[in-house]
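Sequence positions, counted from 1, serve as the residue numbers for this chain. Ligands are counted one by one from 1 in listed order, and the atoms in each one are counted from 1 as well.
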Amino acid sequence: MEYDVLIVGAGLFGLTMAERLANVAGKRVLIIDKRNHIGGNCYSEFDPETGIECHKYGAHLFHTSLENVWQYVNQFTKFTNYVHKVYTTHDGVVYPLPINLGTINQFFAAAYTPDEAKVKIAGQAASAPANPQNLAEQGISLIGQPLFDAFIKNYTAKQWQTPAEDLSPEIIKRLPVRYNYDNRYFNDTHEGLPIDGYEAWFQSMLDSCGDKVTVRLETDYFTDPEIQKLREAKILTVYTGPIDRFYDYQFGELKWRSLDLEKEVLDVDDFQGCPVMNYADLEPKYTRIHEFKHFHPERTSNPAFADTAYAPESGKTVIVREYSKTWHLGDEPYYPVNTAEDRAVLARYQDLATKDTNIIFGGRLGEYAYYDMDKTIAAALAKFDELKQRL
Ligand code: FAD
Ligand code: UDP
């Protein structure tokens with residue numbers, strides 16, 4: 001079959017581009033992935049022993065305030081009304097996250113009103129500069145030194161193994177700070193999980209394209225002989241793999257953090273009582289534990305699901321302990337470390353990319369960006385609009 005466009009990577013960026021290219025521009029698309037499944041890092045699978053949906057590459061919660069993205073994704077899946085809540089353990093005590101009035105009052109054993117808490121935290125944040133330049137300064141300016149030391153400093157040290165002074169302030173700006181008792185983890189207008197799981201959502205995107213899109217799994221862009229022919233023919237390509245790999249690491253490797261995800265099936269109904277428990281201290285070494293059944297309470301508590309594929313076995317649960325680790329070639333790249341040195345190397349690769357006009361780099365690996373799912377989709381929709389002019 002003849003193709004108009006090759007897409008490298010069946011993650012959210014690649015899938016969104018494939019869907020738009022096929023359904024809006026009428027193009028014939030070949031989408032390849034070196035893994036044996038679609039969905040990239042958002043992929044999940046139903047654990048065969050317990051029936052619990054487990055997110056293979058770390059927990060993924062969908063949330064967005066981008067109306068165009070919300071409308072787009074709702075064409076392919078319905079979302080549950082799941083609202084993400086996270087707790088953290090510090091010094092043997094459990095606190096709610098993100099930092100809110102509940103956290104502040106529990107930590108200081110106080111009963112501050114919102115205004116009193118603001119005054120207290122402003123006093124403790126006074127040492128931070130007005131224009132924070134790194135994660136430490138940003139964190140202290142947001143929540144003051146004592147809360148930073150308790151909840152951010154050591155967690156960030158475990159997560160990034162890079163001094164907070166060398167990390168971008170953007171990383172911590174993701175977390176809201178609230179002077180009320182609202183402990184929703186995200187601030188966004190829309191939130192939920194795909195009702196039938198992530199794979200069903202992504203398959204529905206592909207199904208909508210009919211025979212315009214062909215998917216080939218376990219196919220590596222750099223080694224597959226068929227793909228080599230398409231490369232030689234200079235087919236228009238959307239590349240969502242790592243940009244430094246594309247250019248043979250000629251300016252060096254971009255730094256990533258990787259993860260070890262240690263899965264365990266336990267013979268208890270409820271291990272921790274919440275979906276995610278963070279561990280704010282240097283011990284234990286893991287940053288957090290995910291307990292996946294809590295992501296879909298509608299499947300466990302609703303008798304309507306009793307005889308369906310979504311009825312997790314009672315008396316069992318699946319947990320995943322998440323450890324952060326330094327990335328080495330061959331490990332999964334998860335979080336871009338994004339130091340000033342990385343940004344300089346990235347700029348050199350991006351300069352080369354401007355000369356490769358038949359290759360479009362996109363997604364978190366292709367752009368070396370810390371994109372949430374909605375931002376990935378938004379970036380793909382915008383890139384498609386730009387490309388449409390050329391097609
Ligand atoms: P990916 O999903 O990584 O897809 C890229 C694909 O390209 C991969 O499948 C890869 O196998 C393939 N590929 C690479 N090289 C080649 C090659 N040479 N040949 C063929 N195929 C190749 N976002 C949220 O909104 N909410 C969350 O809760 C959330 N949690 C996250 C937790 C973790 C641990 C991480 C790391 C990210 C999280 N994200 C979350 C972000 C989310 O994962 C990304 O926004 C999304 O996966 C980006 O999609 P992508 O298509 O750019 O990349
Ligand atoms: N963070 C922290 N303590 C926490 C949670 C988060 O210090 O209990 C910091 C940490 O640096 C982390 C960043 O805030 O990398 C962003 O947190 P988020 O939960 O958004 O990270 P993700 O889910 O993307 O790993």
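- In terms of N/O distances under 3.5 Å, ligand 1 is approached by R364.
- At the top of the distance list for atom 20 (O) of ligand 2, counting protein heavy atoms only, stands R174 NE, 3.2 Å.
- Here CD of E226 is found 7.5 Å from CG of L230. Values are rounded to the nearest 0.5 Å.
- For ligand 1, the polar-atom distance check against G14 finds no nitrogen or oxygen pair separated by under 3.5 Å.
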*Worked verdict on H190 versus Y82 for ring pair (Phe, Tyr, Trp, His ring centres under 6.0 Å)*: CA-CA 10 Å; H190 306 290; Y82 176 80; over 10 Å; no
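- Residue Y57 has no nitrogen or oxygen atom sitting less than 3.5 Å from a nitrogen or oxygen atom of ligand 1, judged on distance alone.
- When hydrogens are left out, the protein atom nearest atom 25 (O) of ligand 1 is M373 N, 2.7 Å; that is the closest non-hydrogen contact.
- The closest approach between a heavy atom of Y371 and any atom of ligand 1 is below 4.0 Å.
- Looking only at protein heavy atoms, the nearest one to atom 19 (N) of ligand 1 is Y221 N, 3.1 Å.
- By the criterion of a heavy-atom distance under 4.0 Å, the side chain of N278, and not its backbone, is placed next to ligand 2.
- Ranking protein heavy atoms by distance to atom 6 (C) of ligand 1, first place goes to D33 OD2, 3.5 Å.
- Nearest protein heavy-atom neighbour of atom 39 (N) of ligand 1: H60 NE2, 3.4 Å.
- Annotation for ligand 1: atoms under 4.0 Å from non-hydrogen atoms of G363 are 52 (O).
- For ligand 1, the atoms sitting less than 4.0 Å from at least one non-hydrogen atom of G11 are 2 (O), 4 (O), 51 (O), numbered in the order shown with element in parentheses.
- Checking side-chain atoms of S258 against main-chain N and O of E332 turns up a donor-acceptor pair under 3.5 Å.
- With F222 as the aromatic partner, R245 meets the cation-pi criteria of under 6.0 angstrom to the ring centre and within 45 degrees of the ring axis.
- The protein non-hydrogen atom at the shortest distance from atom 7 (O) of ligand 1 is G9 CA, 3.2 Å.
- Looking only at protein heavy atoms, the nearest one to atom 6 (C) of ligand 2 is L175 CD1, 3.5 Å.
- When only interatomic distances are considered, the shortest N/O to N/O separation between N41 and ligand 1 falls below 3.5 Å.
- The nearest protein atom to atom 10 (C) of ligand 2, hydrogens excluded, is given as T156 OG1, 3.5 Å; this is a heavy-atom distance.
- Taking the six-membered ring wherever Trp is involved, the centroid distance between the rings of F361 and F246 falls below 6.0 Å.
- Residue D374 places no N or O, backbone or side chain, under 3.5 Å from any N or O of ligand 1.
- Not a single N or O atom of G58, backbone or side chain, sits closer than 3.5 Å to an N or O atom of ligand 1.
- Judged by distance alone, the side chains of Q203 and D207 do bring a donor and an acceptor atom under 3.5 Å apart.
- F62 and F79 have their aromatic ring centers within a separation under 6.0 angstrom.
- Set against the non-hydrogen atoms of T240, the atoms of ligand 1 under 4.0 Å away are 5 (C), 7 (O).
- Only the backbone of T219 comes within 4.0 Å of ligand 1, judged by heavy-atom distances.
- Near R35, the atoms of ligand 1 lying under 4.0 angstrom from a non-hydrogen atom of the residue are 8 (C), 9 (O), 11 (O).
- Here the protein heavy atom with the shortest distance to atom 47 (O) of ligand 1 is C42 SG, 3.5 Å.
- To the nearest 0.5 angstrom, T80 atom OG1 is 8.0 Å from R299 atom CZ.
- Less than 4.0 angstrom separates some heavy atom of L61 from each of these atoms of ligand 1: 24 (C), 25 (O), 26 (N), 27 (C), 28 (O).
- Not a single N or O atom of L135, backbone or side chain, sits closer than 3.5 Å to an N or O atom of ligand 2.
- With a 4.0 Å heavy-atom cut-off, ligand 1 is reached by the backbone of D220 and by its side chain too.
- Between A59 and ligand 1, an N or O atom pair is found at a separation short of 3.5 Å.
- Contacts with ligand 2 closer than 4.0 Å are made by backbone heavy atoms (N, CA, C, O) of F151 only, the side chain lying farther away.
- Distances between N or O atoms of V8 and those of ligand 1 include no value under 3.5 Å.
- A distance-only check finds no donor-acceptor pair linking the side chain of R231 to the backbone of I235 [under 3.5 Å].
- Polar contact with ligand 1: absent for P242 (N/O pair, distance under 3.5 Å).
- Of all protein heavy atoms, the one lying nearest to atom 21 (N) of ligand 1 is K34 N, 3.1 Å.
- Using 4.0 Å as the threshold, I38 has no heavy atom nearer than that to any atom of ligand 1.
- T317 places no side-chain N or O within 3.5 Å of a backbone atom of V268 that could act as its donor or acceptor partner.
- A heavy-atom separation below 4.0 Å is found between R288 and ligand 2.
- From F202, atom CZ reaches atom CZ of F76 across 11.5 Å, with rounding to the nearest 0.5 Å.
- At a heavy-atom cutoff of 4.0 Å, ligand 2 is contacted by the side chain of L97 but not by its backbone.
- Polar contact with ligand 1: absent for Y334 (N/O pair, distance under 3.5 Å).
- Checked by distance only, ligand 2 and T88 stay at 3.5 Å or farther apart across all their nitrogen or oxygen atoms.
- Residue-ligand proximity, G241 to ligand 1, at heavy-atom distances under 4.0 Å covers atoms 14 (C), 15 (N).
- Summarising the local packing, NZ of K234 is surrounded by 12 or fewer heavy atoms from other residues, nucleotides or ligands at distances under 6.0 Å.
- In this structure, OH on Y286 lies 10.5 Å from CE on M277, to the nearest 0.5 angstrom.
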